[in-house]
Q: 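Next up is a structure, given as structure tokens.
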Amino acid sequence: MNTRHTLLPSLFVALGATLLVTSCSTVGADDPDVSGGRTSHWGKDVGAPEASAFMKVEVPEGAAEVKGAVQVNPQEDIYLLSFVTDEKTAVRMAEDLRPEQPLRTRDHDLPPATELFGHLGLAEPQTEKSARWAGVCPPCVGDERRSEVAWIEIHVLELDAEKTRVYMQAF
């Protein structure tokens, strides 16, 4: 048997593996916000009005501490909205999203891989033990109002008997 013919396939496999590994490495791999020269950043001059417009929700009249931001990403932007309102209004907003299950606490909610609401000066809602959550894919439940939204979720955190913080996130 010719050793050249048995080494040739092995050489191609090794060459292919090397090319695959080197082609998958990215520029700026040490920077978590850089991938192949594309960056993730917080949009300038965008906030609560833009987030609520994308989510197709209205900030309740009389809401306090209204905050919003847009994280611009290479693939999907993330829209954040938070405000303080009363419990009844917060629950109505969650119901208006048409989730398959009502607001509920989650036993094993992990903090997000990246800080989102921290950008707004808030604790991440997943880290709040008593926060209740609901999430939905609007197109999946036939919510034509939000046909451009792939996913929207809400966290509701009771601050005291009269105040509840609402955290909303969508992409």
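FYI, side chains are in, hydrogens and waters are out, and symmetry mates aren't considered; it's all heavy atoms of this structure. Note that the numbering runs from 1 along the sequence shown for the chain.
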Q: Counting N and O atoms only, with roles assigned by atom type, does the side chain of Lys56 sit under 3.5 Å from a partner on the main chain of Arg145, one being a donor and the other an acceptor?
A: no
Q: For the residue pair Thr164 and Lys88, establish whether any side-chain heavy-atom pair is separated by less than 4.5 Å.
A: no
Q: Look up atom OH in Tyr167 and atom CG in Leu81, then write down how far apart they are to the nearest 0.5 Å.
A: 12.5 Å
Q: Is atom CG of Asp160 surrounded by more than 12 heavy atoms (other residues, nucleotides or ligands) closer than 6.0 Å?
A: yes
Q: So, Thr105 side chain and Arg132 main chain: donor-acceptor pair closer than 3.5 Å or not?
A: no
Q: Between Ala69 and Ala51, which heavy-atom pair has the shortest distance, and what is it?
A: O-CB, 4.4 Å
Q: Below 30° counts as parallel, above 60° as perpendicular, anything between as tilted: where do the rings of Phe54 and Tyr79 land?
A: parallel
Q: Please step through side-chain contact (heavy atoms from CB on, under 4.5 Å) for the pair Leu97 and Met55, ending with a clear verdict.
A: CA-CA 10 Å; Leu97 298 179; Met55 295 178 194; over 6 Å; no
Q: What distance do Glu128 atom CD and Leu157 atom CG have between them, rounded to the nearest 0.5 Å?
A: 5.0 Å
Q: Roughly how far, to the nearest 0.5 Å, is CD of Glu87 from OG1 of Thr89?
A: 9.5 Å
Q: Honestly curious: do Leu120 and Val84 fall in one hydrophobic cluster under the side-chain, below-4.5 Å linking rule?
A: yes
Q: Going from CZ on Arg104 to CH2 on Trp133, what distance comes out if it is rounded to the nearest 0.5 angstrom?
A: 4.5 Å
Q: To the nearest 0.5 Å, what is the distance between CD (Gln71) and CD (Glu115)?
A: 10.5 Å
Q: Between Ile154 and Leu103, is the side-chain contact (heavy atoms from CB on, under 4.5 Å) condition met? List the steps.
A: CA-CA 8 Å; Ile154 186 170; Leu103 281 170; 4.1 Å; yes
Q: Minimum heavy-atom separation for Pro138 to Val136, with atom names?
A: CD-O, 3.2 Å
Q: Flag yes if Val166 and Val57 sit in one hydrophobic cluster, no otherwise; membership is Ile, Leu, Val, Met, Phe, Trp, Tyr, and two members link when side-chain heavy atoms are under 4.5 Å apart.
A: yes
Q: Assess the residue pair Gln169 and Phe117 against the criterion (side-chain contact (heavy atoms from CB on, under 4.5 Å)); give the C-alpha distance rounded to whole Å, side-chain angles, the decisive distance to 0.1 Å, and a yes or no.
A: CA-CA 9 Å; Gln169 175 180 334; Phe117 285 94; 4.0 Å; yes
Q: Tell me the closest heavy-atom pair linking Trp42 and Leu116, and the distance in Å.
A: CH2-O, 3.8 Å
Q: Between Pro99 and Ala94, which heavy-atom pair has the shortest distance, and what is it?
A: CD-O, 3.3 Å
Q: On a heavy-atom basis, which atom in Pro60 and which in Phe83 lie closest, and how many Å separate them?
A: CD-CE1, 3.4 Å
Q: As an exercise, state the distance from NE2 of His155 to OG1 of Thr127, rounded to the nearest 0.5 Å.
A: 9.0 Å
Q: Carefully, step by step, assess Met93 and Asp96 under the rule side-chain contact (heavy atoms from CB on, under 4.5 Å).
A: CA-CA 5 Å; Met93 290 194 75; Asp96 183 60; 5.6 Å; no
Q: Between Glu65 and Arg165, is there a salt bridge with N-O shorter than 4.0 Å?
A: yes
Q: Please determine whether the number of non-hydrogen atoms from other residues, nucleotides or ligands lying under 6.0 Å from atom NZ of Lys67 exceeds 12.
A: yes
Q: For Pro139 versus Arg146, what's the shortest heavy-atom pair and its separation?
A: CD-O, 4.2 Å
